[in-house]
Amino acid sequence: MEAITVSVPRAHGDTSRLAAVDVAVAKGLRALAYRPYAAVLGLALLCALLFLPGIASLPVTDRDEARFAQATKQMLETGDFVDIHFQQETRYKKPVGIYWLQSAAVTAAESAGATLTDIWAYRIPSFLGALGAVLLTFWAARGIFGRETALVAATLFATCLTLSFEARIAKSDAALIAAIVLAQGALFRLYMASDPARTRGLAALFWIGLGVGILIKGPVAPGLSFITAAVVLIFDRRRTWLRNLHWKWGVPLLLLLTLPWFIAIGVSSGGAFFKASLGQDFAGKLASGQEKHWGPPGFYFLAFWWTFWPAVLFVTGGAIAWLWRQRRVSRRVLFLLAWIVPWWLIIEAIPTKLPHYALPLYPAIAMAAAFAFREAAQGVSRARLSAVLWATLATAQIVLLLGLSWIAEAPAFPLLAAVLVALAAVSAFTAASAWGRYSRAALAGAVVSAALFYIAAFRVGLPGLEPIWITRSAAAAAEKLRGCGDAPVAFGGISEPSLVFMNGTRTILGSVPGSAEALGSGAARLAFVNGSRREMFEKAFEEKTGAAPRVLGCVDGVNINGRGPTRLVVFARPETAALPACVPVPDTECRDKQTVRWRRLFDTKF
């Protein structure tokens, strides 16, 4: 039996609308699951619905995405696809894999009319990585748990918030999760294989997955596979499945995929890459919380209920207890627990905490949730606490998004409110379905809830929060002031990487005196200076040139990376007043008192 619902008698609810929806969803799942191409197409369409909204309208984000995109942009500008740079600085925290993927995507997008500053082109590998991870979850689970359970597992994984976020951000984690699911899925099937003679293809996929994972993010993929296999070997005395890995040609295949670039970067950097990536970045995260990303043990347990939303509805206490009891009698459950538990304990122990560090666990958790609902039957509790928690999280997300959009006076606020009202209605249906144990109806509601929330957040809400995109506003102002000269733009008192991506590789990021020096010497045509350091800039400029700089306007917003409400004052050299195209920007007027809601909320005085 493949149904995911918990089959229990219902006194009078079977004729209700929830029961009718539950039955209809069950029929739909079975129809899709036993038509493999239909299942793949259905999952692909679901991923497009969940991941694509906002991928083009969401501005480039700081700081990681902007750094990845700018490094790729410089690869394309210079033609050097071995070394990795952000402006003049080397960027040796991660290997080259994601930059190659982004370079290929941007090159293809350019043929369709895109430019090097279109961030959506750099996000294509992330979307394809997330899509691939979902389809690979279906592939891996299908051979282990059956078609319908595999379809449910892939659907749960597709809806989770962390994957949805990573799918539309131009960094390495979505591509990495595809490589991890390929490797872990192949390892799972190799462990369960009954015919060793037919495992060569799976073994090749395992080693290829590890190789791609290493090129994208170093030791993460092989580390997870090694730990999973080691735990399985501790609790399962059978060793014959190790032959299925075909080490003799698998390891050479792995080295063939990875060694050429590592040798090339080792020679090119004089060994600096290995010192920076392993000795500083990787080892530093193990030793302390890097870049203010410290968190206590238990961080991922608390974050899980939001980062795995809405699929967290199907992770119940009864299901977890049932899985734990099955670890000694079910090899499938043993492998899933070996995938989940050790890695979870490791990331909880590491001082550096970021939500996406738990993403490699989510395919296994989705499989475990789908399997538990199929097999546990009467043993799984009603999970009404999960329904209440889920509804609370959904309500909090709706209120937060509405509140931020109202405060920022987002232009699309009426549309956002309409979408969120629909989300509230669907969320109520989903919670009611889970409360009444109509799990398949709840699954359908969770999927629709995810789609509505991601459209509301990433397509309508976040792009419309003008104040938080201060670097976008600064880039727009600099574009309008192109008539002030041919030199690049300087920024003082603000150093977000997105400024370089949007304004060009030659953009000057530095101190306030450095921006005054650049503008005064003609190395910059404009200087955007943090308003709190305006006097410092004007003094330094006058000492350099003997004249006062020309003020062209201001750009106001919120620097969300720790600096709060920020004003950037736009300066030019005094002689630019004679240039007809170098005129103050009308929408950057400097005002002493702001009137919009977000500034009143912060009580900001510029």
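For this chain, numbers begin at 1 and follow the sequence in order.
- Here the rule is salt bridge (charged side-chain N to carboxylate O under 4.0 Å, His left out) with Glu496, and of Arg472, Arg63, Arg67 only Arg63 fits it.
- Rounding to the nearest 0.5 angstrom, the gap separating the CD atom in Gln397 from the CH2 atom in Trp306 is 6.5 Å.
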* Asked: How far apart are the C-alpha atoms of Thr507 and Gln70, what are their side-chain angles, what is the distance that settles it, and do they pass the side chain to side chain contact (heavy atoms under 4.5 Å, CB included) test?
  -> CA-CA 12 Å; Thr507 299; Gln70 176 59 28; over 6 Å; no

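- Of the possible polar contacts, none joining the Gln74 side chain to the Ile84 backbone as a donor-acceptor pair under 3.5 Å is found.
- Note that CD1 of Ile470 is 11.5 Å distant from CD1 of Ile468, once rounded to the nearest 0.5 Å.
- Of all heavy-atom pairs between Trp309 and Leu393, the closest is CD1-CB, 4.0 Å.
- Residues Leu443 and Leu156 have side chains in contact (heavy-atom distance under 4.5 Å, counting atoms from C-beta outward).
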* side chain to side chain contact (heavy atoms under 4.5 Å, CB included) evaluation trace for Leu404 with Leu400 -> CA-CA 6 Å; Leu404 288 175; Leu400 177 63; 4.1 Å; yes

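- Closest approach of Leu116 and Glu77 over heavy atoms only: CD1-CG, 4.0 Å.
- How far OG of Ser473 is from CH2 of Trp469: 11.0 Å, rounded to the nearest 0.5 Å.
- Contact check for Phe68 versus Val60: no side-chain heavy atoms found under the 4.5 Å cut-off.
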* To do: Give the intermediate values and the outcome of side chain to side chain contact (heavy atoms under 4.5 Å, CB included) for residues Arg525 and Arg482.
  => CA-CA 9 Å; Arg525 73 176 189 275; Arg482 292 191 66 85; 4.1 Å; yes

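- Between the CD1 atom of Ile494 and the CG atom of Asn559 there is a distance of 5.0 Å, given to the nearest 0.5 Å.
- With no hydrogens or angles considered, a side-chain donor-acceptor pair links Thr307 and Tyr362 at under 3.5 Å.
- Side-chain contact between Ser515 and Val529 is present, with at least one heavy-atom pair separated by less than 4.5 Å.
- Looking at heavy atoms from C-beta onward, Pro53 lies out of side-chain contact with Phe458 at the 4.5 angstrom threshold.
- Nearest heavy atoms, Leu151 versus Leu32: CD2-CB, 3.8 Å.
- A distance-only check finds a donor-acceptor pair linking the side chain of Asn530 to the backbone of Ser532 [under 3.5 Å].
- Taking 4.5 Å as the limit, every side-chain heavy atom of Cys160 sits out of range of all side-chain heavy atoms of Ile365.
- With sequence neighbours excluded, no residue forms a ring-ring contact (aromatic ring centres under 6.0 Å, His included) with Phe51.
- Side-chain contact between Phe157 and Leu359 is present, with at least one heavy-atom pair separated by less than 4.5 Å.
- Residues Leu58 and Ile169 have side chains in contact (heavy-atom distance under 4.5 Å, counting atoms from C-beta outward).
- Neither side chain, Glu166 nor Ser126, offers a donor N or O lying under 3.5 Å from an acceptor on the other.
- For Trp305, the ring-ring contact (aromatic ring centres under 6.0 Å, His included) partners at least two apart in sequence or on another chain are Phe301.
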* Apply side chain to side chain contact (heavy atoms under 4.5 Å, CB included) to the pair Phe571 and Arg534, showing each step before the final yes or no. => CA-CA 10 Å; Phe571 292 99; Arg534 176 173 180 170; 3.9 Å; yes

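- Using modelled atom types, one finds a donor on one side chain and an acceptor on the other under 3.5 Å when comparing Tyr99 with Arg91.
- Not one N or O on the side chain of Glu65 forms a donor-acceptor pair closer than 3.5 Å with the backbone of Lys171.
- Residue Arg123 holds its CZ atom at 12.0 Å from CG of Leu52, rounded to the nearest 0.5 Å.
- Note that Lys73 lies outside the cation-pi zone of Tyr122, set by a 6.0 Å cut-off to the ring centre and a 45° limit from the axis.
- Here the closest heavy-atom approach between residue Thr471 and residue Ser498 is recorded as OG1-OG, 2.9 Å.
- No donor-acceptor distance shorter than 3.5 angstrom exists from the side chain of Lys217 to the backbone of Lys94, with no hydrogens or angles considered.
- Checked by atom type and distance alone, the side chain of Trp390 never pairs as donor or acceptor with a backbone atom of Phe314 at under 3.5 Å.
- Gln87 places a side-chain N or O within 3.5 Å of a backbone atom of Thr505 that can act as its donor or acceptor partner.
- Each of Phe304, Tyr300, Phe299, Tyr357 was evaluated against Trp344; a single residue qualifies, Phe304, per the ring-ring contact (aromatic ring centres under 6.0 Å, His included) test.
- Of all the heavy atoms in Ala114 and Trp120, the pair that sits closest is CB-CZ2, 3.5 Å.
- Listed for the Tyr454 side chain is a donor-acceptor partner under 3.5 Å among the backbone atoms of Thr159.
- Closest heavy-atom contact between Val512 and Gly493: CG2-N, 3.9 Å.
- Between the side chain of Arg567 and the main chain of Gly531, no donor-acceptor pair closer than 3.5 Å is present.
- Note that the CD1 atom of Ile398 and the CG atom of Leu423 stand 4.0 Å from one another [nearest 0.5 Å].
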